[in-house]
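So the structure is just underneath, and the comments pick up after that.
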Amino acid sequence: DILCRFKRMQGFNVLWQPGTDHAGIATQNVVEKDLAARGTDRHTVGREKFIDLVWEWRRKYGGLILNQLKRLGCSCDWSRERFTMDEGLSRAVKEVFVRLHEEGLVYQGDYIINWCPRCHTALADLEVEHQEKESRLYHIRYPFESGRGYLIVATTRPETLLGDTAVAVNPEDKRYADLKAVRVLLPVLNKPIPVIFDSYVDTWFGTGALKITPAHDPNDFEIGNIHQLERVKVIDEQGRMNELAGPYQGMDRFECRERIVRDLEGLGLLEKVEPYRNAIGHCYRCKTMIEPLLSKQWFVKTAPLAKAAGDAVRSGRTRIYPVHWEGVYFEWMDNIRDWCVSRQIWWGHRIPAWYCAACGRVHVAKAAPERCAHCGNPELVQETDVLDTWFSSALWPFSTLGWPDSTVELSTFYPTSALVTGFDILFFWVARMMMMGIHFMGDIPFKDVYIHALVRDAEGKKMSKSKGNVIDPLEVMDQYGTDAFRFTLAALAAQGRDIKLSEERILGYRHFVNKLWNAARFVLMNIGPIKTTGPQNLPSTLADRWIFTRLARVSEQVAQAIEDYQFNEAADLCYQFVWHEVCDWYLEMAKYHLYGEDTELKQATAANILEILTASLKLLHPFMPFVTEEIWQKMPGKPGSIMTAAFPCATDFPTDETSLQEMDILTGVISGIRNIRGEMNIPPSKTVSVVVDAVKAHHRDILNRNLDHLKALAKVDTVSVGTALPKPEASATAVFEQISVHVLLKGLIDFEEEKRRIKKGIKKLEKEWEIADRKLSNKGFLHKAPTEVVSEVREKAEALSAKLSKLKENLSFLEGIHD
RNA sequence: AGGCACGUAGCUCAGGGGGAGAGCACUACCCUGACACGGUAGGGGUCAAGGGUUCAAAUCCCUUCGUGCCUACCA
């Protein structure tokens, strides 16, 4: 949003496609609360009732919520027309699926899914939570078919042995070298299964012999493929043992485990049981232990798509910021596996495929075929599986613009400029959009990908719904204000680093919002009846020349920082400029003119502070949209919204580089006096007299022209500026450039204190001088360092030693008095 | 186990080969006509430790320690 507001203010035609990041938490709350209010939950609500509720939610909260429902394992019957949640997207999804199928990039195959027997859904890898748990490692004897001896196999899941179709050992394992072509008997079922050799097996783990259950373990499935093993599925979708489990049929999987262990013991086949800790996959929603199950799934062949998507980044057509993430992206693209796109959930785009009720053939088409193209049977049943959320999400950059029609929107906005997202969906979403965009549009979907920081909790952990360590943004906004929160996020969003949310920082930026508000109040209070606004009121005073010069530079820097996705840099520049330059110096100096007698100057100043406020609001608007808009609406001559105002540009303002140096002199002298006042504990109510001894004529000029500011800002009553002036006796002295500022402290000065202060200054300077001097006496430095660096150090050393001698002079003067 | 980050002021963090920074907290003096959610000034750091490259290292490289994240697996 910061980027969009900024671009729009720069005059770009902005199309913002809000993603669904962060919608998940809100959706879950809505859904769960609503179900709870009705005295039910998502496991028991039932499909029909749920579908009705989806419609209510949709009316109440809008369409965005639906995308998130899929993640909750919610689903509905896609064939029912009233659930066409987004006609455009739905069309695009069918189009893409059918085309991929025609190109041979879609196929059906066997796959081990992570099945939750309670939610009745398959879970993506990311949705499986691994929890370390106390468990047991069972050592089970598999007798040799020959009848003599046995092989010991270690397992944590004895109930799956009913589906074993082999026992594997490592070919390097000498213990089992003589088991070639040997078979063992599956305990209980007494079914002979082969011993196979595969290097996947670790010799050091357990007994070095691994039971292979291709239908209930992803790794065993892979091994099974290599060795062409039979796949025996013994656990069903309810988590119960099926007819292939023999005597255990109908038992729950956990009950079966107990029974089979007891039976093995009875048979003398249980060698031993060891306590064991291991991580077991659980459903991230209901915490039920997941069951890996064999099933038929739809796949997309990703190799050709991923190659093109990788090349687009390699060639720089799409750039990923921070660049560090490019490596992660390549890593994934280069090692990609085929994408399983089918999901067994209640809500989603139903796969456009039909099975013939007679011959069983599959027909992939955009609409239901009249009859089977193979056998002519008119009875066709649509696939009940729906597509992975990311399948439709992958089409986002072009499906939302009207594809497959060629629309004006599509030709105007595709490829898009930038995608801003979190790293956690770099693979799931960004990579898929790249693949689909390039494949179907023939061009990249976006030029830049900015991977933003992730907000973590106080311990630096990733926030997650299931962990419950989520900071609710609405609460923070209530507490500190939306603009303060937003500004904080921007200020903390350094590239490549995550955000540990700090309440102190939010509080600090809330104060900043308040400061801006008060500064605006001051300006609006003092501009009076402005006749004209804008830069036609040429700045004449030092303060004006200086602030416009600074404004020009800051505007440029802020714009550049945003362009570079350095949001923290941009936010900080705004903060420093508005608070410490505009408020601390400029407005303070403007007061003198506003409260003065010179009506012409008064009017010019009024116009200028208004101009500076206007520009400051514009600079801040992308970061603090609400307060800037609110102030904007109160300002005279500001039609419309600040959103449509032009972002400040360096060339909008009159600049004068010499004003920067002049201002340095003035602020330097003022700071010097303030420093003495502070160190000497002189209350602000007490004014002092000063004598300024300046060597350079133009320094004296600057000071003489700004005596009033000096008096007002340093609380000075009388001041005399001259050269080679003697140091007044009862005075403290600040040295700056070639200027000595003597603050008269008759009756106030504590000479010991002043000596201490000067000694402190000398000590600090000497340290700095030593560093510079060491460099200058280093031949290597003089020869090899760049000339500008050498001359810089030389100048510095000279300035330091000049200042030092001034301070020492002062010190001996003081010591003279005292003695 | 592997990969990737990160250890800078009491706290939260910027910066990043030539002068140690911000916000909050702290100390002192102040309700001065926008603002005490404020003003002015001040104190506070061997930039994790050790080594290397360089004229020059908080910054680049290596090692160690610590922290966090990601990925995989744990039969």
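Quick caveat, the model's predicted, so the values are computed rather than measured. The sequence lines fix the lettering, A, B, ..., with proteins before strands; numbering per chain opens at 1.
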Inset, instruction - Classify the side chain of A:Arg674 and the base of B:rU40 as holding, or not holding, a donor-acceptor pair under 3.5 Å. - result: no
Legend entry - Under 3.5 Å donor-acceptor pair, A:Glu588 side-chain atoms to B:rA34 base atoms: yes
Inset, instruction - Give me the one residue out of A:Leu765, A:Asp773, A:Ile771 that meets side chain to side chain contact (heavy atoms under 4.5 Å, CB included) with A:Trp769. - result: A:Asp773
Legend entry - Option among A:Leu270, A:Leu264, A:Leu162 that satisfies the side chain to side chain contact (heavy atoms under 4.5 Å, CB included) test with A:Pro187: A:Leu264
Inset, instruction - Report yes if the distance between the aromatic ring centroids of A:Tyr509 and A:Phe487 is under 6.0 Å, otherwise no. - result: yes
Legend entry - Enclosure of A:Tyr595 OH (heavy-atom neighbours >12, cutoff 6.0 Å): yes
[X] side chain vs [Y] backbone, donor-acceptor pair below 3.5 Å:
X        : Y        : value
A:Asp198 : A:Ala168 : no
A:Arg510 : A:Arg505 : no
A:Asn675 : A:Ser671 : no
A:His216 : A:Leu294 : no
A:Thr207 : A:Ile152 : yes

Check [Y] with [X], please: is the shortest side-chain N to carboxylate O separation under 4.0 Å?
X        : Y        : answer
A:Glu752 : A:Lys759 : no
A:Glu159 : A:Arg253 : no
A:Glu274 : A:Arg136 : no
A:Glu754 : A:Arg757 : yes
A:Glu679 : A:Arg756 : yes

Legend entry - A:Asn681: side-chain contact (heavy atoms from CB on, under 4.5 Å) partners, not counting sequence neighbours: none
Inset, instruction - Describe the nucleic acid contact of A:Asp584 in one word from base, sugar-phosphate, nothing, applying a heavy-atom distance below 4.0 Å. - result: sugar-phosphate
Inset, instruction - Hey, which sits more toward the 5' end of RNA chain B by its nearest nucleotide, A:Leu782 or A:Ala491? - result: A:Ala491
Inset, instruction - Nearest-nucleotide wise, let me know which of A:Pro786 and A:Val201 is further upstream toward the 5' end of RNA chain B. - result: A:Pro786
For residues 778-790 of chain A, which side-chain donor-acceptor pairs fall under 3.5 Å, sequence neighbours excluded?
unit_1: A:Asn778; atom_1: OD1; unit_2: A:Gly780; atom_2: N; d: 2.8
unit_1: A:Asn778; atom_1: OD1; unit_2: A:Phe781; atom_2: N; d: 3.4
unit_1: A:His783; atom_1: ND1; unit_2: A:Lys779; atom_2: O; d: 3.1

Looking at RNA chain B, which of [range] put a heavy atom within less than 4.0 Å of it?
range                       : result
residues 571-580 of chain A : A:Tyr575, A:Gln576, A:Trp579, A:His580
residues 212-226 of chain A : A:Asn219
residues 792-803 of chain A : A:Lys796
residues 506-519 of chain A : A:Gly508, A:His511, A:Asn514, A:Lys515, A:Asn518, A:Ala519

Legend entry - Side-chain donor-acceptor contact under 3.5 Å, A:Asn170 with A:Tyr176: no
Legend entry - Polar contact flag, side-chain donor to acceptor under 3.5 angstrom, A:Ser685-A:Lys715: no
Got a list of side-chain donor-acceptor pairs under 3.5 Å for residues 564-578 of chain A, not counting sequence neighbours?
unit_1: A:Asp564; atom_1: OD1; unit_2: A:Gln560; atom_2: NE2; d: 3.2
unit_1: A:Asp564; atom_1: OD2; unit_2: A:Gln560; atom_2: NE2; d: 3.3
unit_1: A:Tyr565; atom_1: OH; unit_2: A:Asp448; atom_2: OD2; d: 2.7

Legend entry - Residues which pass salt bridge (Lys or Arg N to Asp or Glu O under 4.0 Å) with A:Asp220, listed by chain and number, not counting sequence neighbours: none
Roughly how many Å apart are [M] and [N], using the [atom1] atom of each and rounding to a whole number?
N      : M      : atom1 : result
B:rU46 : B:rA57 : C1'   : 13 Å
B:rG23 : B:rG38 : C1'   : 16 Å
B:rU67 : B:rC73 : P     : 26 Å
B:rU27 : B:rG66 : C1'   : 33 Å
B:rG15 : B:rA9  : P     : 15 Å
B:rG68 : B:rU53 : C1'   : 30 Å

Using a cutoff of under 3.5 Å, can you pull out all pairs of nitrogen or oxygen atoms linking the protein to nucleotides 27-29 of chain B, with atom names and distances?
unit_1: B:rA28; atom_1: O2'; unit_2: A:Asn681; atom_2: OD1; d: 2.8
unit_1: B:rA28; atom_1: O2'; unit_2: A:Asn681; atom_2: ND2; d: 3.4

OP1 or OP2 of [N] sitting under 4.0 Å from any side-chain N/O of [X]?
X        : N      : result
A:Lys591 : B:rA34 : yes
A:Lys715 : B:rU32 : no
A:Tyr595 : B:rA34 : yes

Legend entry - Base-paired stems that RNA chain B participates in, counting runs of 3 or more Watson-Crick or G-U pairs under 3.5 Å: B:1-7 with B:65-71, B:10-13 with B:21-24, B:26-30 with B:38-42, B:48-52 with B:60-64
Extract from the structure each pairing of a protein N or O with an N or O of nucleotides 7-9 of chain B at less than 3.5 Å, listing the distance.
none

Inset, instruction - Would you list the pairs meeting side-chain hydrogen bond (donor to acceptor under 3.5 Å, both in side chains) in which at least one residue belongs to residues 794-804 of chain A, sequence neighbours left out? - result: none
Legend entry - Out of B:rA41, B:rA14, B:rA34, whichever nucleotide has its closest atom nearest the side chain of A:Ala494: B:rA14
